[in-house]
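Below is one structure, written out as structure tokens, with a few remarks after it.
Throughout, residue positions are numbered sequentially from 1 according to the sequence presented.
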Amino acid sequence: MRKHFMLAGVVGIAALSLFSCSKDQKTADQPSSLSQTQTAAGARTAGTDELDAILKDLTPDTYLLSFDGLPANNYITKSVYGTLSDETQFGGPRYPSPIPALYKIGYTSIPFNKIWVKTCPTMIPFTDIAARAAELIKKADSKTFADLAVTEVGANQQLLATKTFLTAAGRLQPDVMDKYLAGFDLAKFRLTLPAGTTLPGFTRGFYGIGDITTVPDAGARTTAYVGLRWKDILIKRFPNLIGCFDPIVLTDIRANFSRLDKGFAKMTIEEVAGGAIIGF
């Protein structure tokens with residue numbers, strides 16, 4: 001049984017986040033991969049806008065953009081575009097990280113929407129699409145996105161973020177929770193918390209680089225959560241502080257956290273398909 005560990009939470013995205021698959025998934029003999037915003041003739045369908053037109057060749061589950069308080073405009077008319085999980089991580093060991101201090105302790109990928117800094121970024125795979133989207137976003141809100149820039153952070157991963165965001169994110173440093181998680185393989189767990197969390201010690205919304213957007217291994221322990229992604233299992237059971245991994249490892253992490261604050265000793269560990277979850 002493959003083991004996983006993660007903590008997760010529900011967060012309202014401050015501005016936007018986008019990622020898409022590579023071009024080799026969009027071929028002429030796969031018309032079903034096109035978004036419904038594109039007609040057979042290539043024209044825009046009713047109810048779409050200029051941002052839809054830029055994203056028309058990408059399927060909804062490969063990107064996510066969400067806007068909070070965007071001024072009324074003729075270019076971006078919806079608050080959410082796409083269905084990609086906001087827990088998606090980006091980056092790679094061969095690419096310079098926008099957060100060097102965390103990179104040094106093993107964070108080769110980052111869920112940028114879980115950084116508690118406004119304005120959240122947009123992720124796009126191709127430079128040309130990223131540049132077009134950036135210009136449109138600036139037109140829609142020139143004040144908030146005046147310094148929006150495109151930065152390559154991984155293979156087919158162009159990060160659209162304001163220079164203000166990148167500067168603030170670049171200052172992030174390991175905190176006390178990193179100390180209590182030292183010694184654990186970052187790839188085997190993921191801690192994710194909602195923006196505004198006031199639990200002791202946490203200064204950002206993510207810890208570890210485990211992927212909670214996947215479904216637990218088939219043939220694992222049968223529970224009501226079978227078929228759900230780890231993220232969905234966690235949200236379903238623990239709406240505040242939640243996680244999953246091997247129960248023995250969860251016990252060790254709970255003990256470590258309890259050294260910081262005795263309140264963490266109250267976290268419940270529950271076995272589920274493919275491992276266990278933990279939370280209040």
Side-chain angles (χ1 to χ4, degrees), residues 6 8-9 11-22 62-68 82 84-138 141 144-179 181-182 186-187 189-197 202-213:
M6 297 148 264
V11 57
I13 302 175
L16 38 141
S17 133
L18 162 68
F19 174 71
S20 173
C21 54
S22 57
T62 62
Y63 64 88
L64 172 67
L65 296 91
S66 49
F67 300 89
D68 183 11
L84 180 71
S85 172
D86 61 359
E87 301 288 354
T88 302
Q89 300 176 92
F90 306 97
R94 297 186 294 106
Y95 294 86
S97 172
I99 312 177
L102 295 186
Y103 186 85
K104 289 180 180 178
I105 64 172
Y107 284 89
T108 55
S109 61
I110 298 290
F112 288 100
N113 279 318
K114 308 304 293 187
I115 298 174
W116 294 341
V117 177
K118 291 186 178 182
T119 293
C120 289
T122 298
M123 187 65 65
I124 297 179
F126 312 125
T127 303
D128 56 343
I129 298 179
R132 291 167 57 201
E135 289 306 311
L136 189 66
I137 293 169
K138 288 180 182 180
D141 188 347
T144 300
F145 299 105
D147 59 350
L148 192 65
V150 179
T151 304
E152 185 177 32
V153 294
N156 292 327
Q157 294 178 1
Q158 306 296 328
L159 174 67
L160 273 73
T162 63
K163 293 180 181 178
T164 303
F165 174 90
L166 291 172
T167 298
R171 296 194 185 106
L172 285 177
Q173 297 291 321
D175 59 24
V176 66
M177 304 315 290
D178 291 303
K179 173 184 176 181
L181 291 167
L186 293 181
F189 71 89
R190 171 77 176 278
L191 316 182
T192 307
L193 298 92
T197 295
F202 292 102
T203 62
R204 60 183 192 270
F206 67 95
Y207 296 80
I209 58 176
D211 186 1
I212 60 174
T213 66

Heavy-atom closest pair, residues [X] and [Y]:
| X | Y | answer |
| --- | --- | --- |
| L186 | I105 | CD1-O, 3.3 Å |
| D147 | T144 | OD1-O, 4.3 Å |
| K138 | A146 | CE-O, 4.1 Å |
| N113 | D86 | CB-O, 3.8 Å |
| V150 | A130 | CG1-CB, 4.1 Å |
| F202 | L191 | CE2-CD1, 4.4 Å |

Beyond-backbone contact of [X] with [Y], side-chain heavy atoms, under 4.5 angstrom:
| X | Y | result |
| --- | --- | --- |
| Y95 | T151 | no |
| L181 | F189 | yes |
| L159 | F90 | no |
| F145 | L160 | no |
| F206 | I115 | yes |

Side-chain polar contacts of residues 166-175 - donor-acceptor pairs under 3.5 angstrom, sequence neighbours left out - could you list them?
unit_1: T167; atom_1: OG1; unit_2: K163; atom_2: O; d: 2.9
unit_1: D175; atom_1: OD1; unit_2: M177; atom_2: N; d: 3.0
unit_1: D175; atom_1: OD1; unit_2: D178; atom_2: N; d: 3.1
unit_1: D175; atom_1: OD2; unit_2: T203; atom_2: N; d: 3.4
unit_1: D175; atom_1: OD2; unit_2: T203; atom_2: OG1; d: 2.5
unit_1: D175; atom_1: OD2; unit_2: Y207; atom_2: OH; d: 2.6

side-chain hydrogen bond (donor to acceptor under 3.5 Å, both in side chains): pairs with one or both residues in residues 100-110, sequence neighbours excluded: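 Sorted result for residues 100-110: Y107-R204.
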Once side chain to side chain donor-acceptor pair (under 3.5 Å) is applied, do any residues pair with S97, and if so which ones, sequence neighbours excluded?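 By the side chain to side chain donor-acceptor pair (under 3.5 Å) rule, S97 matches no residue at all.
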About how many Å separate [atom2] of [Y] and [atom1] of [X], when rounded to the nearest 0.5 Å?
| X | Y | atom1 | atom2 | answer |
| --- | --- | --- | --- | --- |
| T192 | I212 | OG1 | CD1 | 4.0 Å |
| T127 | E152 | OG1 | CD | 6.5 Å |
| T164 | L148 | OG1 | CG | 10.5 Å |

